[in-house]
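Below: the structure, in structure tokens.
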Amino acid sequence: MTHPAHADQILAWYDHNRRRLPWRAEPGEIADPYSVWLSEVMLQQTTVQTVADYYRRFLARWPTVQDLAQAPLDAVLTEWAGLGYYARARNLHKCAAMVVARHRGVFPSNEAALRLLPGIGDYTAAAIAAIAFDRPAAVMDGNIERVVSRLFAVEDPLPAAKPRLKILVTDLTPQARPGDYAQAMMDLGAMVCTPRRPTCGLCPVSGACIARISDDPERFPVKTAKPDKPTRYGAVFWLVRKDGAVLLRRREEKGLLGGMMEVPGTEWRDTPPTAPLADAPLKLEWQKLDASVRHTFTHFHLELQIYRGAVGLGDPKLGTWITPDRFGEVAVPTLFRKVAKAVFGK
DNA sequence: TACGCGTGGTA
DNA sequence: TTACCAAGCGT
């Protein structure tokens, strides 16, 4: 280990500042692999606060990996709706089935085997091995990248510097309590060594931190600039049946919002649609609403115009007809919940 | 390797 | 308002 005292200081800090999180075991206990896996997948690029309620609902509805494997995919997507990155939900379901079919319902305990399961990458494999199986796996997420890049004042920009940071983390990770160490480093990054205005006065290893000693710690990690997001435009068709039900369709399995339900609409292009009604599901009197919807995805902004139309009997071949008060029962992502909200004037 | 992939909170 | 960021993964 590069700094023998480092891990002890981190663990001591963790023992005194331990956060109680729904998926976290009591001190001295080891969390069960299913809970760790479920929480870690939900936490990929997603905040602790957002995940907490979803995690509780999933665990209550599907208490074991067998329960989740037997659930219909659509039920999983519905519970996941609003959490984003929907490939995670599809891979979660697939992974559960593989654990049942290939591993007799027992999660493998080593990184290499975990890494073969869908939705489990380097980070999640190491996290499960360390947290659920007490294996000395080197865990590196965005928090730990930041902590380590500051500890060593790494000037190489991310993401190119990740392999080097991983070597540093591997060197730092202790043989004893590796799961607690990983969670401690992530908590440290989330609570003390924050992206902006880190509170170095509360940090257990500030004395060893090169960024803290020699420079402005906020300068790290150095990152390469990201390209700015373009804006795309489209229109959606809010088609209401006489009984108030609205037409939804299932999106393709792959790609953006894959497998989720949508309000039918035009394609999204770099300029506003000139003849949107050509793409409407039916030829009828469409009324353009004043309200529009703006939504930002990972790599572009989207602006949708809304057209409203009415029919007497809705043809089931057009898609699924469902009243807006029941959108919670189907897999409607946030974008189209925003559309519903705009139609009703917020 | 670089990009596609959601959403909500924060400054 | 805009930009950035959060317990990354798949291709």
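Convention: sequence-line order gives letters A, B, ...; per-chain numbering from 1. Excluded from the calculations below are hydrogen atoms, water molecules and symmetry mates; all remaining heavy atoms, backbone and side chain alike, are included.
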- Task: Decide whether A:Arg88 and A:Thr46 meet the rule of one side-chain donor and one side-chain acceptor closer than 3.5 Å.
- Result: yes

- Item | Worked check of side-chain hydrogen bond (donor to acceptor under 3.5 Å, both in side chains) between A:Gln183 and A:Arg24 | CA-CA 9 Å; A:Gln183 294 176 92; A:Arg24 190 166 278 179; 3.0 Å; yes

- Item | Any residue meeting side-chain contact (heavy atoms from CB on, under 4.5 Å) with A:Pro118, in chain and number order, not counting sequence neighbours | A:Asn91, A:Lys94, A:Cys95, A:Met98

- Find the distance between CZ (A:Phe152) and CZ (A:Arg164) and round it off to the nearest 0.5 Å. 9.0 Å

- Item | Close approaches to DNA chain C from residues 122-140 of chain A, in residue order (heavy atom, under 4.0 Å) | A:Asp122, A:Tyr123, A:Thr124

- Item | Of A:Leu117 and A:His301, the one whose closest DNA chain C nucleotide lies more 5' | A:His301

- Item | B:dT1 versus C:dG8 - spacing of their C1' atoms, nearest Å | 16 Å

- Query: Using a cut-off of 4.0 Å on non-hydrogen atoms, how would the nucleic acid contact of A:Val48 be classed: base, sugar-phosphate, or nothing?
  - Reply: base

- Note on the structure: The ring-ring contact (aromatic ring centres under 6.0 Å, His included) partners of A:Tyr181 (sequence neighbours excluded) come to A:His6

- Message: Within the 4.0 Å heavy-atom criterion, would you say A:Ala190 contacts the bases, only the backbone, or no part of the nucleic acid?
- Response: sugar-phosphate

- Pick base, sugar-phosphate or nothing for A:Pro159, based on heavy-atom distances below 4.0 Å to the nucleic acid. nothing

- Query: Parallel, tilted or perpendicular: which fits the ring planes of A:Trp80 and A:Phe58, with parallel below 30° and perpendicular above 60°?
  - Reply: perpendicular

Protein-nucleotides 4-6 of chain B N/O pairs under 3.5 Å:
residue, atom, partner, partner atom, Å
B:dC5, OP1, A:Leu256, N, 3.4
B:dC5, OP2, A:His299, NE2, 2.8
B:dG6, OP1, A:Tyr85, N, 3.4
B:dG6, OP1, A:Tyr86, N, 2.7
B:dG6, OP2, A:Leu257, N, 2.4
B:dG6, O4', A:Tyr85, N, 3.0
B:dG6, N7, A:Tyr85, OH, 3.3
B:dG6, N7, A:Thr298, OG1, 2.8
B:dG6, O6, A:Tyr85, OH, 2.9
B:dG6, N1, A:Gln45, O, 3.0
B:dG6, N2, A:Gln45, O, 3.3
B:dG6, N2, A:Thr46, OG1, 3.0

- Item | P spacing across the pair B:dC5 / C:dA7, given as an integer number of angstrom | 23 Å

- Please measure how far the P atom in C:dT11 lies from the corresponding atom in B:dG6, and state the result in whole Å. 14 Å

- Between P of B:dG9 and CZ of A:Arg197, the distance in whole Å: 22 Å

- Item | Nucleotide interval of DNA chain C bounded by contacts with chain A (heavy-atom cut-off, under 4.0 Å) | C:dC5 to C:dG10

- State which residues pass side-chain contact (heavy atoms from CB on, under 4.5 Å) with A:Asn17; sequence neighbours excluded, sorted by chain then number. A:Trp13

- Task: Not counting sequence neighbours, list each pair that qualifies as a salt bridge (charged side-chain N to carboxylate O under 4.0 Å, His left out) and has a residue in residues 311-329 of chain A.
- Result: A:Arg326-A:Glu329

- What residues in residues 9-25 of chain A put a non-hydrogen atom under 4.0 Å from any atom of DNA chain C? A:Arg19, A:Leu21, A:Trp23, A:Arg24

In a table with atom names and distances, give each donor-acceptor pair under 3.5 Å that connects a side chain of residues 270-290 of chain A to protein atoms at least two apart or in another chain.
residue, atom, partner, partner atom, Å
A:Trp286, NE1, A:Leu282, O, 3.1
A:Gln287, OE1, A:Arg308, NH2, 3.3
A:Lys288, NZ, A:Gln305, OE1, 3.2

- Would you please name every residue forming a side-chain contact (heavy atoms from CB on, under 4.5 Å) with A:Leu256, sequence neighbours left out? A:Arg251, A:Trp268, A:Phe297, A:Phe300

- Item | Residues that A:Glu79 engages under side-chain hydrogen bond (donor to acceptor under 3.5 Å, both in side chains), provided they are two or more places apart | A:Arg61

- Contacts of A:Val100 that satisfy side-chain contact (heavy atoms from CB on, under 4.5 Å) - sequence neighbours left out: A:Val65, A:Gln66, A:Ala69

- Query: Do the side-chain N and O atoms of A:Arg135 and A:Ser109 include a donor-acceptor pair separated by under 3.5 angstrom?
  - Reply: yes

